[in-house]
Amino acid sequence: MRSIIEYLREIVLGIWSLLKGMKVTSTYFFSPGKIVTQKYPENRKSLVMLERFKGEVVMPHNEKNEHKCTGCGICEINCPNGTIEIISKVIITEDGKKKKAIDKHIYRLGMCTFCALCVKTCPSNALAFSQKFEHAVFNRALLNKILNKPGSQLMKGVE
Amino acid sequence: MDIQVKELIADEKQEYIINMGPQHPSTHGVLRLVVSLQGEIVKNIEPHIGYIHRGIEKMCESITYPQIIHLTDRMDYLSAHINNEAVCLTVEKALEVDITDRIKVIRTIMSELTRIQSHQLFWASYGMDLGGQTCFFYGLRDREKILDIFEETCGGRMLVSYNCPGGLMYDIHPNFQQRVKDFIKYFRKALPEYDTILTGNVIFRERSIGIGPLTLKDAVSYGVTGPSGRASGFSCDVRKHEPYSAYDRVNFNEVIYNEGDTYHRYLARIEEMRESMNIIEQLIDNIPEGSYAIKMKPIIKLPEGEYFQRVETARGELDVFIISDGNKNPFRLKFRSPNFVNLGVLNHISKGFKIADLVAIAGSLDFVIPDIDR
Ligand code: SF4
Ligand code: SF4
């Protein structure tokens with residue numbers, strides 16, 4: 001007798017525990033206000049990424065097409081996996097002196113691990129992260145970018 | 001007509017060998033278990049590892065100390081912040097730099113948030129392993145809130161890269177404190193839901209209570225640490241025994257159970273989330289002022305010698321051992337990763353149980369495969 005009661009008790013308690021779980025799920029089922037899913041990509045226009053989000057490394061240019069990169073190569077040394085390659089050139093400044101300047105700042109997005117060492121160690125703050133996160137392309141070669149825009153120059157006053 | 005009919009009686013020694021993994025969803029990664037079965041009973045398990053071996057220890061020998069951080073992120077990716085902290089603490093110990101209280105407190109809060117999100121994912125995937133799909137959505141829903149906090153302050157969601165030798169990469173975001181407080185308030189309400197959905201569930205209890213018991217003696221001799229070890233009564237919390245960062249100034253309990261079965265390994269993690277919330281609550285309102293990073297030399301060189309640091313990740317004890325010959329990169333760097341050691345006990349505790357229980361047992365040890373292989 002005792003064992004039968006015990007057996008029935010277990011069945012009832014078991015079903016009760018299932019019902020309690022179902023209560024939680026059905027609460028969410030019937031209250032759509034609590035739904036947290038975002039409808040991506042439909043909400044692409046209103047989607048704002050947080051300002052520190054590490055999307056990709058970019059080199060901000062001002063409206064006169066000037067950047068701050070001096071071509072010192074510190075970011076290339078600090079990058080742990082060879083994502084950055086600096087090709088520099090020698091230019092002759094207005095007062096006739098020879099000076100090292102950036103020719104191409106090559107950045108291979110496909111290899112970048114977003115460790116932020118380049119952005120952090122750049123002595124002239126020439127690099128920054130953009131919030132772009134849709135990186136998919138059809139050709140791998142498109143991931144190799146040249147960060148300094150064509151025809152751009154070093155900003156005045158940056159050494 | 002005397003054809004002898006040979007009866008097909010299963011021989012005692014007749015074993016059936018199957019592969020579980022490397023692509024089995026319940027191994028949570030590329031772990032291959034070669035399981036010897038007799039009927040449905042597990043006789044022997046041979047883990048084959050190395051499918052995601054990247055040679056992190058060897059790679060560390062050729063890069064500088066700040067660069068190592070981005071590799072430790074990728075070991076136990078669910079405890080990324082704590083792994084980074086381990087390396088940073090070792091380097092700071094070697095250079096004898098005094099880091100400010102602010103750094104210590106922020107690191108501790110971040111570590112505990114990391115622990116909570118790791119356990120949330122454990123809960124989510126463990127429920128799914130045992131057939132409760134709902135858990136996965138609920139667990140990830142709450143985990144998303146922590147990842148958003150990480151994203152706002154560190155810029156990364158999972159691989160945060162927030163520590164650097166000498167401090168932190170950036171200061172905390174102005175919203176950080178408020179967001180963490182909101183999260184704690186929210187999660188204190190959400191955690192009982194976890195208990196209602198899974199802990200009390202009769203199917204879950206039947207499948208986990210008494211399965212895969214690990215005794216204290218075995219836990220110690222196999223070196224099983226973390227919540228899995230503590231569920232067997234092994235007091236092994238590095239945060240208590242050798243406090244680092246700000247753990248010496250907070251009150252919290254070491255969650256210890258004596259049963260050591262799958263259910264209590266699960267329970268230990270749920271309780272640890274509560275303890276982590278207690279720790280965060282004690283610290284979040286009084287983050288001391290000060291600098292968030294100590295100025296270090298541009299090229300960090302450790303003096304010649306051997307350096308060692310223990311930390312408690314979400315899965316157990318992580319040890320970092322650096323031998324330096326005075327150069328800018330380590331001569332040898334060794335990680336004692338908790339998952340690799342915990343994997344060793346899997347064969348021992350699942351012998352004699354059914355193959356379906358193996359999923360429950362392996363899930364309760366909470367493996368992260370990249371940490372096993374490194
Ligand atoms: S981006 Fe900065 S660190 Fe890199 S070459 Fe230019 S100035 Fe130097
Ligand atoms: S974020 Fe890291 S990996 Fe990427 S380019 Fe900068 S230093 Fe290299």
Side-chain angles (χ1 to χ4, degrees), chain A residues 9-29 34-38 40 47-57 72-84 111-123 128-133, chain B residues 59-60 62-64 66-71 73-74 84 127 132-135 137-138 140-142 144-145 147-162 164 169-173 175 179 190 192-206 293 298-299 328:
Chain A
R9 211 177 78 98
E10 259 176 35
I11 290 178
V12 171
L13 282 182
I15 293 171
W16 180 240
S17 80
L18 294 181
L19 286 177
K20 271 205 299 194
M22 301 264 274
K23 192 179 142 232
V24 176
T25 45
S26 50
T27 319
Y28 284 102
F29 187 77
K34 284 185 176 176
I35 289 174
V36 292
T37 324
Q38 291 186 15
Y40 178 81
L47 190 66
V48 190
M49 298 303 285
L50 296 166
E51 77 223 58
R52 285 189 191 174
F53 178 70
K54 294 187 266 196
E56 69 175 304
V57 176
C72 64
I74 287 179
C75 55
E76 188 183 8
I77 299 168
N78 272 301
C79 180
N81 43 23
T83 304
I84 293 176
M111 285 163 71
C112 180
T113 53
F114 308 107
C115 62
L117 285 176
C118 54
V119 177
K120 202 154 183 269
T121 52
C122 174
F129 276 111
S130 83
Q131 275 72 44
K132 185 169 173 270
F133 63 94
Chain B
M59 274 154 93
C60 290
S62 57
I63 56 179
T64 61
Q67 290 175 347
I68 288 175
I69 302 302
H70 96 296
L71 287 178
D73 258 351
R74 286 158 177 80
N84 296 347
Q133 186 101 55
T134 319
C135 306
F137 298 117
Y138 284 38
L140 288 196
R141 174 197 67 189
D142 300 341
E144 201 69 9
K145 296 207 183 322
L147 295 189
D148 282 344
I149 296 173
F150 283 171
E151 187 181 336
E152 193 170 43
T153 288
C154 324
R157 292 168 72 77
M158 216 157 70
L159 311 171
V160 287
S161 282
Y162 187 48
C164 60
M169 285 292 240
Y170 331 95
D171 205 353
I172 50 171
H173 195 272
N175 293 348
R179 266 195 177 232
E193 266 177 18
Y194 286 27
D195 286 336
T196 329
I197 293 178
L198 197 63
T199 317
N201 186 298
V202 60
I203 305 170
F204 171 73
R205 288 172 76 93
E206 290 289 317
I299 294 173
K328 66 181 194 305

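Letters A, B, ... mirror the listed sequences (proteins, then strands); counts begin at 1. Predicted model, so just to flag it, every value in this text is computed and none were measured.
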Asn78(A)/Thr64(B) under side chain to side chain contact (heavy atoms under 4.5 Å, CB included): CA gap, chis, key distance, verdict
CA-CA 9 Å; Asn78(A) 272 301; Thr64(B) 61; 5.5 Å; no

Go through the steps to decide whether Leu18(A) and Val202(B) satisfy the test side chain to side chain contact (heavy atoms under 4.5 Å, CB included), and finish with yes or no.
CA-CA 7 Å; Leu18(A) 294 181; Val202(B) 60; 4.1 Å; yes

Side chain to side chain contact (heavy atoms under 4.5 Å, CB included) for Ser17(A) and Arg205(B)? Distances and angles first, verdict last.
CA-CA 10 Å; Ser17(A) 80; Arg205(B) 288 172 76 93; over 6 Å; no

Go through Arg52(A) and His173(B) one step at a time and tell me if the side chain to side chain contact (heavy atoms under 4.5 Å, CB included) criterion holds.
CA-CA 9 Å; Arg52(A) 285 189 191 174; His173(B) 195 272; 4.1 Å; yes

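Summarising the geometry, atom CG belonging to Asn84(B) is positioned 11.0 Å from atom SG belonging to Cys115(A); distances are rounded to the nearest 0.5 Å. For the atom pair SG of Cys164(B) and CG of Leu117(A), the computed distance is 8.5 Å after rounding to the nearest 0.5 Å. For the atom pair Glu152(B) CD and Phe53(A) CZ, the distance stands at 13.5 Å (nearest 0.5 Å). Going from atom CD1 of Ile149(B) over to atom CG of Leu50(A) covers 11.0 Å, rounded to the nearest 0.5 Å.
Of the residues considered (Arg141(B), Met59(B), Glu144(B)), Arg141(B) shows the highest number of contacts with chain A, using heavy-atom pairs under 4.5 Å. Contacts with chain B were tallied for Gln131(A), Glu51(A), Lys23(A), Met22(A); Glu51(A) has the most, counting heavy-atom pairs under 4.5 Å.
Proximity to chain B is limited to the side chain of Lys120(A), based on heavy atoms less than 4.5 angstrom apart. Neither the backbone nor the side chain of Asp73(B) comes within contact range of chain A, judged by heavy atoms closer than 4.5 Å. When heavy atoms are compared at a cutoff of 4.5 Å, Ile74(A) does not approach chain B at all. Residue contact with chain A, scored on non-hydrogen atoms closer than 4.5 Å, involves the backbone and the side chain of Thr153(B) alike. Neither the backbone nor the side chain of Phe137(B) comes within less than 4.5 Å of any heavy atom of chain A.
Using a 4.5 Å heavy-atom cutoff, the side chains of Arg74(B) and Thr113(A) are in contact.
Within a 6.0 Å sphere centred on CZ of Phe133(A), heavy atoms belonging to other residues, nucleotides or ligands number more than 12.
Checked against Glu193(B) for a side-chain contact (heavy atoms from CB on, under 4.5 Å), the options Thr27(A), Thr25(A), Val24(A) give a single hit: Val24(A).
Between His70(B) and Pro80(A), the shortest heavy-atom distance links the atoms CE1-CB, 3.3 Å. Minimum heavy-atom separation, Ser161(B) to Lys54(A): CB-NZ, 3.9 Å.
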